[in-house]
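The structure appears right after this line, and notes come after that.
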Amino acid sequence: MKKNVLNIGIIGYKFMGRAHSNAWQKVDKFFDLPVKPVLKIACGRNEKNLEEFADKWGWEETETDWRKVIERDDIDIIDIALPQHLHHEIAVAAAKNGKHIFCEKPIALEIDQAQEMYEESEANGVVHYLNHNYRRVPAIALAKKMISDELIGEIHHWRCAYQQDWITDPNFPLTWQLQKEYAKAGPHWDLNSHSVDLAHYLVGDIANVMAMTTNFVKERPIASPDGQGNLKAEALSNEKAEVTVEDASLMMVNFKNGAIGSFEGTRFANGRKNKLSFEIYGSKGSLSFNLERMNELEFYSQEDTTSLKGFRTILATEDSHPYIKNWWPPGHIIGYEHTFIHAAADFIKAVHTKGRIEPNFKDGVSILKVLEAGLQSAVERRTIDLH
Ligand code: SOE
């Protein structure tokens with residue numbers, strides 16, 4: 001008899017561990033899936049916290065050693081819900097053990113690590129998915145469709161800013177996100193990885209890059225090891241240590257198709273909590289999106305009658321809009337957590353058919369090439385060509 005379940009082993013139980021668990025819990029209630037995901041085993045280092053997490057989110061078992069999870073014959077999917085410095089080793093081991101991989105972003109710290117994750121996954125025939133979840137915001141998927149349907153025409157401008165404000169207090173502690181050895185870079189890696197993924201998805205490949213970065217706060221109190229999963233953290237003491245990543249990054253690019261673009265990434269935009277916004281200007285029309293208003297997409301059409309021309313706001317909650325018919329009646333808006341559920345649905349279908357899903361580790365390699373070129377450009381103060 002054909003197996004009708006897919007057993008998941010999740011590694012990590014903080015912010016992303018919760019977002020992913022919620023997705024695995026709900027996905028087969030809202031989407032028709034060919035096979036049912038089972039929350040089989042949760043893995044993390046702190047036994048007590050892990051037990052609480054597993055109980056709350058319905059994971060059947062727990063394990064503190066990720067290698068044991070990966071070696072189990074009954075596990076089909078490894079979900080890597082961990083910071084980026086831990087992705088490479090686990091993903092490569094998972095691929096070698098024939099596990100399909102659902103991995104948080106950014107893919108890794110280094111391009112060669114990402115490349116190995118991609119090559120091992122391909123060599124072992126496993127499905128690999130990189131969770132740049134915003135591609136699955138219905139309004140963004142709609143933007144993609146409108147571009148493909150030629151409503152925007154030839155794209156001239158991409159203007160993107162990802163702005164947060166969770167570290168503007170100089171006494172916010174030095175969490176792993178502010179240390180190069182764990183994070184590689186600051187918002188340029190964490191936030192611009194999303195923005196570059198969207199630029200690749202909506203506009204196309206990037207030809208060259210020029211960037212600048214800066215630091216506003218050079219030292220911060222050392223963080224307590226607990227509570228770092230929700231962008232909230234306590235200081236251990238008044239003792240301070242050096243911030244080794246940038247606080248803000250600005251990057252300009254030329255796309256291969258002739259468009260020109262800009263990316264701003266910052267955690268110092270007071271009042272902006274999670275504002276990922278982009279504008280696209282094309283020969284036939286324009287689009288504008290803001291994640292803090294994620295159900296809406298603004299559209300301007302050059303083809304409208306002159307007297308009626310102007311930006312209109314599309315509420316992307318009609319049954320004809322991507323993903324939405326699985327949810328509520330039109331106008332009953334959805335949120336951040338739904339994007340993870342959409343990703344889980346597409347991933348399960350890809351695993352079932354042994355198909356492909358995007359973005360995947362190959363896309364992750366391309367994103368890191370752009371980001372790495374940005375860091376290099378900021379140091380060398382020159383434009384870097386991508387090959
Ligand atoms: C923190 O900056 C963060 O959680 C990112 O890591 C996520 O990818 C983004 O979706 C929200 O902000």
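In what follows, residues are counted from 1 in the order of the sequence shown. Each ligand, and each atom within it, is numbered from 1 in the order the structure gives.
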query = Which part of Q177 is near ligand 1, with near meaning a heavy atom under 4.0 Å away: side chain, backbone, both or neither?
reply = neither
key: Pairwise side-chain contact, H156 with S283, heavy-atom cut-off 4.5 Å (strictly under)   = yes
key: Minimum heavy-atom distance M251-H188, with the two atoms named   = SD-CE1, 3.6 Å
ask   = Salt bridge or not for K309 and E303, using N-O below 4.0 Å?
value = no
inquiry  = Taking only non-hydrogen atoms of W189, do any sit less than 4.0 angstrom from ligand 1?
reply    = no
task = With heavy atoms of L191 as the reference, note each atom of ligand 1 found under 4.0 Å away.
result = 2 (O)
request  = Using a 4.5 Å cut-off on heavy atoms from C-beta on, say whether the side chain of S277 contacts that of Y162.
outcome  = no
Residue and atom name of the nearest protein heavy atom (relative to atom 4 (O) of ligand 1), distance in Å to one decimal = F15 CE2, 3.3 Å
ask   = Do W328 and F30 make the cut of ring centroids closer than 6.0 angstrom?
value = yes
Closest approach of any protein heavy atom to atom 2 (O) of ligand 1, naming residue and atom = D190 OD2, 2.5 Å
inquiry  = Quick check on ring pair (Phe, Tyr, Trp, His ring centres under 6.0 Å): which of H128, H87, H88 does Y118 satisfy it with?
reply    = H128
request  = Do me a favour and list the nearest non-hydrogen protein atom to atom 12 (O) of ligand 1 with residue, atom name and distance?
outcome  = Q164 NE2, 2.9 Å
inquiry  = Are the side chains of D165 and R272 in contact, using a 4.5 Å heavy-atom criterion?
reply    = no
query = Hey, is F340 touching ligand 1 through its side chain, its backbone, both or neither, going by heavy atoms under 4.0 Å?
reply = neither
inquiry  = Quick test: of every protein heavy atom, which one is nearest to atom 10 (O) of ligand 1, and how far off is it to 0.1 Å?
reply    = Y134 OH, 2.4 Å
query = Can N133 be said to touch ligand 1, with heavy atoms closer than 4.0 Å?
reply = no
ask   = Quick one: nearest non-hydrogen protein atom to atom 11 (C) of ligand 1, plus distance?
value = Y162 OH, 3.4 Å
inquiry  = Please report whether ligand 1 has a polar contact with R267, defined as an N or O pair separated by less than 3.5 Å (distance criterion only).
reply    = no
message = Under a 4.0 angstrom heavy-atom cut-off, which atoms of ligand 1 come close to N274?
response = 11 (C), 12 (O)
request  = Taking the side chain as every heavy atom from C-beta outward, state whether F299 and I152 have any atom pair closer than 4.5 Å.
outcome  = yes
task = Identify which of M16, H132, K105 has a heavy atom lying nearest to atom 7 (C) of ligand 1.
result = K105
query = Do K325 and E318 meet the salt-bridge criterion of a basic N to acidic O distance under 4.0 Å?
reply = no
